[in-house]
Amino acid sequence: MRRFSAVVLAVMLLSAPASGDIAIAELSVVPQESKVVITGSVLGLSEGVVEAEMIVSKGDASGTANLRQSGEFQVRSGSIDTVGSSGINLNDTTTLKVVLILRSEGLEIARATSDIEPGKH
């Protein structure tokens with residue numbers, strides 16, 4: 001049973017809202033045994049439509065894999081919508097890069113990222 005160091009006990013990343021933004025990107029990275037559970041969410045600030053895309057890139061000794069989850073959300077102040085959630089197995093050579101991008105009317109309005117490197121999980 002693999003244990004995680006204190007470096008990645010739990011991570012929650014939020015994009016910083018600017019004046020007029022309609023949503024915030026939130027990434028949650030939570031360790032569970034020998035894996036992490038990654039969840040991407042859209043937090044509504046005002047009314048509008050948001051296109052969200054979460055990309056998880058995993059690399060280790062056996063190669064590289066990419067996972068993409070996306071959706072369109074009608075947001076309003078206080079709304080919370082999940083873009084996707086994935087459990088990713090980790091080993092001593094695993095690297096993860098997670099990006100959550102929010103767009104409105106084709107323009108990027110928010111971005112949250114997280115990187116996990118070997119030996120830090």
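Being a predicted model, the structure only gives us computed values, none of them experimental.
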Heavy-atom pair with the smallest gap, counting every atom of [X] and [Y]:
X: Ser46; Y: Ile22; result: OG-CG2, 3.1 Å
X: Ser114; Y: Leu27; result: N-CD1, 4.1 Å
X: Ala23; Y: Leu102; result: CB-CD1, 4.0 Å
X: Gln69; Y: Ser86; result: OE1-OG, 3.4 Å
X: Thr95; Y: Glu117; result: CG2-CA, 4.3 Å
X: Ala110; Y: Ala25; result: CB-N, 3.9 Å

Distance in Å, [X] [atom1] paired with [Y] [atom2], rounded so as to fall on 0.5 Å steps:
X: Leu45; Y: Ser79; atom1: CG; atom2: OG; value: 8.5 Å
X: Asp21; Y: Ile109; atom1: CG; atom2: CD1; value: 6.0 Å
X: Ile88; Y: Ser57; atom1: CD1; atom2: OG; value: 10.0 Å
X: Glu26; Y: Ser28; atom1: CD; atom2: OG; value: 6.5 Å
X: Ser70; Y: Ile55; atom1: OG; atom2: CD1; value: 9.0 Å
X: Ile80; Y: Phe73; atom1: CD1; atom2: CZ; value: 12.5 Å

For Val49, check side chain to side chain contact (heavy atoms under 4.5 Å, CB included) against everything at least two apart and list the hits.
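Counting only residues at least two positions away or on another chain, Val49 forms a side chain to side chain contact (heavy atoms under 4.5 Å, CB included) with Glu51, Glu72, Gln74.
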Kindly indicate whether the side chain of Thr94, heavy atoms from C-beta on, has any atom under 4.5 Å from the side chain of Ile116.
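Thr94 does not reach Ile116 side chain to side chain.
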Single hit among Asp115, Leu90, Val29 for side-chain contact (heavy atoms from CB on, under 4.5 Å) with Leu96:
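By the side-chain contact (heavy atoms from CB on, under 4.5 Å) criterion, Leu96 pairs with just one of Asp115, Leu90, Val29: Leu90.
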Got a sec: does the CG of Leu67 have more than 12 other heavy atoms crowding it under 6.0 Å?
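Result for CG/Leu67: enclosed.
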